[in-house]
Amino acid sequence: MNARKLVSQTHCTQIPQTIKNSLLCAAIDPPHSNPPFLPKPPSILATGLLKSYFERGLIREARTLFDEMPERDVVAWTTMISGYTSCNLHGRAWVVFCDMMRFTDVRPNEFTLSCTLKACKGINSYSHGALLHGLVMKQGMGGSIYVSNALLDVYATCCVNMDEASAVFQEIRERNDVSWTTFIAGYTHRGDGYMGLSVFRRMLSEGGESNPFSFSIAVRACASVHSCTYGKQLHAAIAKHGLDFNLPVMNSILDMYCRCNSLNDAKQCFNEMTQRDLITWNTLIAGYEKSDPYVSISTYSCMELEGLSPNCFTFSSIVAAVANLAILSCGEQIHGRILKRGLGGNLELDNALIDMYAKSGNIGSARRIFDKMPTKNLVSWTSMMIGYGSHGYGNEAVDFFEEMVKFRVRPDRIAFEAVLNACSHAGLVDKGVRYFMSMVDDYNIAPDPEIFGCLVDLLGRAGRVEEAFKLIESMPFDPDESVWGTLLRACKAHNHPDLGTLAIRKVLALKPKIAATYVILSNIYAADGKWGDSAKMRKLMRRMATKKEAGRSSVEIKNQNYSFVAGDKMGPHMDCVDEVVKILVEHMRHARYIPDLDFFIHDLEDGI
DNA sequence: TTAGGGTTAG
């Protein structure tokens, strides 16, 4: 009877001490039996038991047994390394490897090196991998396909670019399907889907065998570049290879359709799938989350009716869907379900909840979740900054940014966009300009059109319209209509008719179908007494501009969400809306708000 | 005793 059978027969988490003792005694004093009844050597039995402990998650027991083993050969050390790695304890796996190298004469074989390289990938350490690479060369194990593939994987995952991975890939004499898939995945997972697809094509042209793994990663590459055309070609090839019944492959196809925003194809694919698991449902729910949040939520209900239990991924999408709808009561219900299922404290879910509460108007609840989070990441901080900014608390958002940097959380482009928007709304112009400079100089983030737009807005709102214009002129790319639109708003607010006219002409040249632009230009001409030009603009608008889609509002009354446009009748509930509008008007009057009626007058007149 | 694929957030 081997150790694994002993463990399975005991059906308990603790291996009886008597059995363990007998194993250890046997190792010291092996029984004298003759073949063919010679039992396995004790070290093999103990190593088998070690593996069994890890398979059952009994990490402490595995460590104790390993420490008590009188003989530890390379297999035992490797089992310990791979055991820790299989339990996601990559750092401990690395320490075991170091102990083996420092304190014993045991030398690593190809199994040890490939397992330890996997640990390097787990701790995301290029330098650990490079260290092992040197050892691989020294030991003359560069010819092992397992070691080469593991090394390729570390470089493809942990390096800033694919140069080192490419060098390793070139050195592999006889590449197998794992080499190709690892190389394709390296490009794809870092967002270079085109190169991923290019390597996939090269694999096929060089006679590499496509298989479920390579198809899945190639489909992911299509999704990352939003190429539904390539994706459909791959879908057809997958069906041709008879892989349209392979669940992971079909989940990747479904994901591709969702990411390419081809929801009809996604729905058809989902309906035709013969097997579905939780990932299938989660993929569809996430696919609908932005484009059609109501369908996302109804898909979640269908999933529960089918008897599947939602997990963190499911709730993450559902919370985001509810955030898009900004229905607070619904969000609170979902939050309750999350807590009831014991999923509270999950980082990604907490981040989604912060965003949901902030978008639903309850910044206090968002803050409470943030404060209770055991660990926070960049998204947690940024979500709070955006939340504070959108609620008009610009100073708080800026304080949050400062606090975040103190906690050594490195801001990215989105975090800078959030803090620049906050500065803009709080009138902190000089501070905002300093953040912009710091983004470029200290964090080496190249400003994109959105960031430039934020800076134009920052200067423009503060009345520094000339500076905003100079900034637009100095941009390293052609400004788009949103940047000119931002300048236009500033010109309008601070009375700069010349620059305003220029901005309008730029907007019209880039987007000639936006009715509001003609309205503003018509008004500028009218204010200047140029009535002929003003009338000309209105005529042009009728000919060129598309009819504006009516602005839709939604309101929650007695746990029901109602969506309406101006002039809609909502039966008895309209009284409630009228009542709220009266209160809002009263508040505005009290705050001495003077409405800008420019658009309003012309909208009525021109029926737009 | 070793390797590769499918789903989360700002």
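What you are looking at is a predicted structure, and each value in this text was computed from that prediction instead of being measured. In the text below, chain A, chain B and the rest are named by the order of the sequence lines, each starting its count at 1. We use all heavy atoms of the structure for the numbers below, so side chains are in, but hydrogens, waters and symmetry mates are not.
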Nearest listed nucleotide, side chain of A:Phe313, among B:dG10, B:dG5, B:dT7: B:dT7
Closest to the A:Thr78 side chain, choosing from B:dT1, B:dG10, B:dG4: B:dT1
Ring-face cation of A:Arg175 near A:Phe169 (centre distance under 6.0 Å, axis angle within 45°): yes
A:Phe213 aromatic ring stacked with six-membered ring of B:dG5, 5.5 Å and 30°: no
Whole angstrom value for the distance that separates P of B:dG5 from CG of A:Asp153: 7 Å
Touch class at under 4.0 angstrom, heavy-atom based, for A:Ser383 against every strand present: sugar-phosphate
Touch class at under 4.0 angstrom, heavy-atom based, for A:Asn211 against every strand present: base
Per A:Val249 side chain, nearest of listed nucleotides B:dG6, B:dG5, B:dA9: B:dG5
Distance-only donor-acceptor check, side chains A:Thr182 and A:Asp153, under 3.5 Å: no
Out of B:dA3, B:dT7, B:dG6, whichever nucleotide has its closest atom nearest the side chain of A:Asn149: B:dA3
Base of B:dG10 paired with side chain of A:Asp412 (donor-acceptor, under 3.5 Å): yes
Donor on one side chain, acceptor on other, A:Thr112 and A:Thr78, under 3.5 Å: yes
Rounded distance in Å - CZ (A:Arg220) to P (B:dG4): 18 Å
Atom-pair distance (CD on A:Glu209; C1' on B:dG5), nearest Å: 17 Å
Options B:dG5, B:dT2, B:dA9, nucleotide nearest the side-chain atoms of A:Ser114: B:dT2
Nearest listed nucleotide, side chain of A:Phe111, among B:dT8, B:dG10, B:dT1: B:dT1
Sugar-phosphate, base or nothing in reach of A:Ser317, heavy atoms under 4.0 Å: nothing
Pair of N/O donor and acceptor under 3.5 Å linking B:dG4 base with A:Asn176 side chain: no
A:Asn251 side-chain proximity, nearest of B:dT7, B:dG6, B:dG10: B:dG6
Check ion pair A:Lys267-A:Glu272 (N to O, under 4.0 angstrom): no
Heavy-atom neighbours of A:Glu174 CD exceed 12 at 6.0 Å: no
For atom CD1 of A:Ile145 and atom P of B:dA3, their distance in whole Å: 14 Å
Whole angstrom value for the distance that separates P of B:dG10 from CG of A:Leu378: 12 Å
Touch class at under 4.0 angstrom, heavy-atom based, for A:Asn246 against every strand present: base
Touch class at under 4.0 angstrom, heavy-atom based, for A:Leu247 against every strand present: base
A:Asp255-A:Ser252 side chain donor-acceptor pair, cut-off 3.5 Å: no
Residue pair A:Asn251 / A:Thr283, side-chain donor-acceptor N/O under 3.5 Å: no
Base of B:dG4 paired with side chain of A:Asp177 (donor-acceptor, under 3.5 Å): yes
Minimum-distance nucleotide (side-chain atoms of A:Ser316 versus B:dT8, B:dG10, B:dG4): B:dT8
Protein-nucleotide distance (A:Ile81, atom CD1; B:dT2, atom C1'), rounded to Å: 11 Å
N/O donor-acceptor pair, side chain A:Ser252 with base B:dG6, under 3.5 angstrom: no
A:Glu110, nearest nucleotide to its side chain (from B:dA3, B:dT7, B:dT2): B:dT2
Whole-Å distance separating the CG atom of A:Leu234 from the C1' atom of B:dG5: 13 Å
Separation of B:dA9 C1' from A:Ile386 CD1 (nearest whole Å): 11 Å
Phosphate OP1/OP2 of B:dT8 contacted by A:Arg259 side-chain N/O (<4.0 Å): yes
Among B:dT1, B:dG10, B:dG5, the one nearest A:Ile414 by side-chain distance: B:dG10
